[in-house]
Amino acid sequence: MIYHWDWSVPISAPYLGWLMSGLAWTLLVAGAAWVLAFIVGVGIGILRTLPNRAARRFGALYVTIFRSIPLLLQLFLWYFVVPELLPASAAHWIKRDLPLPEYWTSVIGLGLFTAARIAEQIRAGIEAVGRGQSMAAAASGLTLLQSYRYVVLPVAARYVLPPLTSEFLNVIKNSSLALTIGLLELTGQSRQIEGETFHGIEAFTAATLIYVVLTLAAIAAMRALERVVAIPGVMARV
Amino acid sequence: MTIPLRLDSRNFVRDELDLVLRPVVIAIDHVSKKFGDLDVLKQCSMTVLKGEVVVVCGPSGSGKSTLLKCVNGLEGFQAGTITVAGTSVGERRTDLTKLRSQIGMVFQHFELYPHLTVLQNITLAPIQVLGRTKSAAFDKAMSLLRRVGLADKADCHPGQLSGGQQQRAAIARALAMDPIAMLFDEPTSALDPETISEVLDVMTGLARDGMTMMVVTHEMGFARHVANRVVFMDGGCILEEAAAEAFFAQPSTERARSFLSKILRQQ
């Protein structure tokens, strides 16, 4: 069998439009999932470091659950199983009236999964700040809330920027799993193009390049952020 | 409460009436603490009077730092009582945050906040805890920085300072709260020999100005020349509490004698 290369496929109409639409959905899913993951992850990560034992246990339980189940399976659970477990009226609303069900399910599934990973990084960052700093803050009369706000979290945030960069890249790439519940994001659109034109190699190559550009841009942005918040005299300039 | 004093203490002779009338600032009464099965503190009792400098010394692991951290509630304890200016530290109803804001503390590893400038380090608690205005906190911080010789470092970050400079900034940070007493937890142990004296000079100046100080340290020169009294600990127990002169002239326990002979030979 002879494969007829045609590199014009991914850049010609309507396929370029398909790829761009896929890119837009990838950005929308990854962006919204990141916001959700960041808020939940920071919250759970802080809970895991608090003196209150119940708070720590709740945080640990969350992390254990969401880290132990494969992301693909989590997406299926949110899409197919969870609506069946809800009260009839809620299930009805999800199945009939929820706009863009594939989109919101992907955002929630990917967001809550990533939150567990972010929580662990936040916890490690807070622990890296050290007991001495918390003690110094407490000794000067700061409340626990104040010591987190003014001392512990600002320093921990700087420690976790590099691993958070990796996590951000993971969200972009993991968003491709949304195609399994029917969201035509970047990878999904490439498959569409393959099905339509039989030029899968060109389509997937184009998608690959787009992912690489996205991740390189994210890396550059995070590096710039690391430079802005670097502490004089402590962390090496990157 | 009995305050152990030696009649041969020069301070006692000089300030007899004054000492007796001085209020007790820190009273530690039969305090015991366990970590699991390990007795870290056993029935420790000691007092620090207003304006007094008490040095707590002893071998590593003797419980000195732990005892110090019990005073402002950074460490808990299972038995006994500690009162600071009349407030019981161990009681559940006690507002520990408020109590801590009245006690300054200086740590072995400085524990300045690395992301804040020296000035921000010093003004954080006065603004957030005491509710002082920015300009009032700023003025106070600058005058304290002048006092510890760091006025030109106000806008530096801790990582840009030497160890001795960081510790002096940490002392200024503690003083900014106008504390009724200062706790020092081995303030010179992490410093190289050359910079130790610049920190000790600041502490000596504080003592001269009448600050109430409880100091855990191995600096026997400081203990001998600046402290009013010395407390010697070993194995979680307070073995001796004596006027500084008396302690160095004639320690009453064999353990203190051997500790002193070893540590003084080094210094």
Side-chain angles (χ1 to χ4, degrees), chain A residues 42 45-46 49-54 56 121-122 124-164 222-238, chain B residues 65 68-69 71-76 95-118 120-131 153 155-162 165-166 169-170 173-179 182-185 190:
Chain A
V42 169
I46 291 173
T49 64
L50 292 182
N52 184 302
R53 182 186 275 197
R56 287 204 309 272
Q121 288 155 9
I122 297 288
I126 290 173
E127 284 170 0
V129 173
R131 210 164 113 76
Q133 291 276 302
S134 316
M135 274 194 179
S140 68
L142 293 173
T143 62
L144 188 67
L145 190 71
Q146 287 172 326
S147 81
Y148 267 74
R149 176 168 170 203
Y150 296 110
V151 178
V152 177
L153 291 181
V155 180
R158 290 167 165 93
Y159 288 149
V160 299
L161 269 185
L164 279 187
M222 293 297 269
R223 275 285 165 82
L225 184 59
E226 281 175 42
R227 268 197 295 273
V228 169
V229 300
I231 299 170
V234 176
M235 292 169 189
R237 291 185 73 87
V238 271
Chain B
S65 288
L68 190 78
K69 287 184 181 125
V71 172
N72 64 352
L74 287 181
E75 296 272 6
D95 183 355
L96 263 187
T97 305
K98 183 165 179 248
L99 183 71
R100 285 170 179 155
S101 72
Q102 301 170 326
I103 309 171
M105 186 155 189
V106 175
F107 297 84
Q108 182 177 356
H109 297 288
F110 330 132
E111 305 299 352
L112 292 171
Y113 313 130
H115 61 303
L116 302 179
T117 64
V118 168
Q120 291 168 330
N121 263 278
I122 298 174
T123 56
L124 177 65
I127 293 171
Q128 298 301 335
V129 177
L130 303 179
K153 302 291 185 190
D155 295 321
C156 289
H157 282 75
Q160 297 167 314
L161 303 184
S162 72
Q165 291 171 331
Q166 289 191 54
R173 176 175 70 176
L175 291 174
M177 299 292 282
D178 291 321
M182 288 279 286
L183 308 175
F184 291 84
D185 186 9

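Below, read A as the first sequence line, B as the second, and so on, with proteins coming before strands; counting in each chain starts at 1. The shown structure was predicted, so the numbers you read here are calculated from the model rather than taken from an experiment.
What you find for B:Q160 and A:G233 is that their closest heavy atoms are CG-CA, 3.9 Å. Closest heavy-atom contact between B:P114 and A:V155: CG-CG2, 4.0 Å. Between B:T97 and A:G141 the shortest heavy-atom distance is CG2-O, 2.8 Å.
For the atom pair OG1 (A:T143) and CZ (B:R100), the distance works out to 11.0 Å, reported to the nearest 0.5 Å. Put simply, OG on A:S140 and CG on B:N72 are 10.5 Å apart, with the number rounded to the nearest 0.5 Å. Atom-to-atom distance recorded for B:K69:NZ and A:M135:CE is 4.5 Å, nearest 0.5 angstrom.
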Given B:V129 and A:Q146, is the side chain to side chain contact (heavy atoms under 4.5 Å, CB included) satisfied, shown in steps? CA-CA 9 Å; B:V129 177; A:Q146 287 172 326; 4.2 Å; yes
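For A:Q133, the parts sitting under 4.5 Å from any heavy atom of chain B are the backbone and the side chain alike. Residue contact with chain A, scored on non-hydrogen atoms closer than 4.5 Å, involves the side chain of B:F107 exclusively. Residue B:L130 does not touch chain A at all, counting heavy-atom pairs closer than 4.5 Å. A:R131 touches chain B through its side chain: at least one heavy atom from C-beta onward sits under 4.5 Å away, while N, CA, C and O do not.
Looking only at heavy-atom pairs under 4.5 Å with chain A, the residue among B:Q102, B:M105, B:H115 that has the most is B:H115.
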